[in-house]
Protein chains: 2
Amino acid sequence: MNASRTARERVRAELIREITDIARRHLATDGAPGLSLRAVAREMGMVSSAIYRYFPSRDDLLTVLIVDAYNAIGEAVERADATRPRDDFTGRWLAACHAVREWALAHPHEYALLYGSPVPGYRAPEDTIGPASRGTIVYGRILADAQRAGRLAPPPMCPPPPPILSQDAEAVRAVMPGVSDDVVARAVIAWTGLFGMVSFELFGQFNGVVEHRAELFDHNMTCLAHLLGFSE
Amino acid sequence: MNASRTARERVRAELIREITDIARRHLATDGAPGLSLRAVAREMGMVSSAIYRYFPSRDDLLTVLIVDAYNAIGEAVERADATRPRDDFTGRWLAACHAVREWALAHPHEYALLYGSPVPGYRAPEDTIGPASRGTIVYGRILADAQRAGRLAPPPMCPPPPPILSQDAEAVRAVMPGVSDDVVARAVIAWTGLFGMVSFELFGQFNGVVEHRAELFDHNMTCLAHLLGFSE
DNA sequence: AGTCGTCAAGAGCAGCGCTCTCGAATCAGT
DNA sequence: ACTGATTCGAGAGCGCTGCTCTTGACGACT
């Protein structure tokens, strides 16, 4: 009975996989707004209503694509971090930055789905927050390791963060155990600076102004590394 | 003959104004993807096809909304900058930052239209680049004024930018006359950091993590002011 | 008075998300 | 092996979208 049940469920799982594969391809080429269940069904030789047996709504299909994308970029950051010696904190930070940028350039529509304008009606379900924090966790570990190793210089010039922010810092310490409040504050600056840079490049804000994006990115991330305070 | 022609053109201009007003309201409440020409026409008591007499396509309507939004945020930054003494560079920078954030919080969908995911098929026409740079021009003037006044300290810790970036710096100097390459590089960091911060807040990346967003924003922008190098 | 341009209106096309119903296939329990 | 319950694909259909084309009326200029 187990074999027979899995027979039906196996073809079902296979179909779900095929749907998400086609959808991912459509997302990569046409972007999220152009993703249509009817088009996916058409490509599968199905009638459009049959798709709803597997995904109750377009948003549900979008959700698995979002989760996949979060996992993909998270894994890219993890692998980049792993290529550096554990005590080369600047190198690990730069590797993580480049992993984010390169993944974003290779998957612009997926990146836009994760870090661009939120879809007005869409509400992210719980399943997304786990994969969403994979990259952040790597980033937090770099800073936590550096602080533990005593290789984070005292804040070079930032004023101490106001005490109110301690509560938020406490939440951030979940992925950055043991770091002080001022490091958390600078971590947010560097993290948002990284994504601000990538978003500006990808969303066209640099068009006609900045041409040497790779070099500018590299330089700016190096600068942010100094702001973070890694000591040589 | 001039009077009659203007009579006809006046009602035409009035209708165009009414269409854009309603469209702007729909954009503000429903977001860009929910903006529909048919809904606007319905609200005006027109039939949908009549709208196309005034806007040949949905993208054309979206373009004037984009231009309006760029002008609105640009003007907000200009006014904020004007409230501070000309030689209070840190104050001018912080005022500009808060103007951006507050405008974005008040007009989230417009902000997303400007700085969020680009619409896949949409190609921004020439008319948008002028209004798009209004805010950046203010920002550039603050830095140029500071450098001219000798109130920009030498780079505190960033390495000098690679020579390749000089070409891009030359382009940036169009809105930032007379500033050196390293200031341009740091300017880009601060500028992308500002928008990275606002985008993260607006697009939900801080959800469940950062609660005291105003305080964090203020602190981080102050930190970026130090990175820019304004001397007291 | 006649002509020409402008306009609103309507019908229509192809696409979309999504729902419902109806046979057919498949499964589970006897 | 048969039967009752699920599951599934197919089709029709609803209301919505952007956009096109045609028709008929109104107003301005000659």
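We name chains A, B, ... by the order of the sequence lines, and we start the count at 1 in each one.
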Original post:
When the distance from CD of A:Glu14 to C1' of D:dC8 is rounded to whole Å, what number comes out?
Top reply: 17 Å
Subject >> Presence of salt bridge, B:Glu170 and B:Arg173, under 4.0 angstrom >> reply: yes
Subject >> Partners passing salt bridge (charged side-chain N to carboxylate O under 4.0 Å, His left out) against A:Arg24 (at least two apart in sequence or in another chain) >> reply: A:Asp21, A:Asp68
Are there any protein N/O atoms within less than 3.5 Å of an N/O atom in nucleotides 2-5 of chain D, and if so, which ones and at what distance?
none

Original post:
Can you tell if the side chain of B:Val198 reaches within under 4.5 Å of the side chain of B:Tyr115, non-hydrogen atoms only?
Top reply: no
**OP:** Describe, in one word, how the ring planes of B:Phe200 and A:Phe195 are oriented to each other, choosing from parallel (under 30°), tilted (30 to 60°) and perpendicular (over 60°).
**Re:** tilted
Original post:
For A:Val77, does its backbone N or O pair with a side-chain atom of A:Tyr139 as donor and acceptor, under 3.5 Å?
Top reply: no
**OP:** Check A:Gly31 against B:Pro120 and note the closest heavy-atom contact, atom names and distance.
**Re:** CA-CG, 4.4 Å
**OP:** Could you check which residues of residues 117-126 of chain A get a heavy atom under 4.0 Å from DNA chain C? Sort them by number, please.
**Re:** none
Original post:
For B:Arg10 and D:dG27, what is the distance between atoms CZ and P respectively, to the nearest whole Å?
Top reply: 16 Å
Subject >> B/S/- contact track for nucleotides 6-17 of chain C, protein heavy atom under 4.0 Å >> reply: SBBBB-B---BB
Subject >> Exam field: side chain A:Ser199 to backbone A:Gly196, donor-acceptor pair closer than 3.5 Å >> reply: no
Subject >> Integer-rounded Å distance: C:dT26 P and A:Glu9 CD >> reply: 16 Å
**OP:** With sequence neighbours excluded, tell me which residues meet salt bridge (charged side-chain N to carboxylate O under 4.0 Å, His left out) with B:Arg101.
**Re:** B:Glu201
Subject >> Flag for A:Thr63-A:Asp60: side-chain donor and acceptor within less than 3.5 Å >> reply: no
N/O donor to acceptor pairs below 3.5 angstrom from side-chain atoms of residues 32-48 of chain A, sequence neighbours left out:
| residue | atom | partner | partner atom | Å |
| --- | --- | --- | --- | --- |
| A:Ser36 | OG | A:Arg38 | N | 3.4 |
| A:Ser36 | OG | A:Ala39 | N | 2.8 |
| A:Glu43 | OE1 | A:Arg25 | NH2 | 3.4 |
| A:Glu43 | OE1 | A:His26 | NE2 | 2.7 |
| A:Glu43 | OE2 | A:Arg25 | NH1 | 3.3 |
| A:Glu43 | OE2 | A:Arg25 | NH2 | 2.3 |

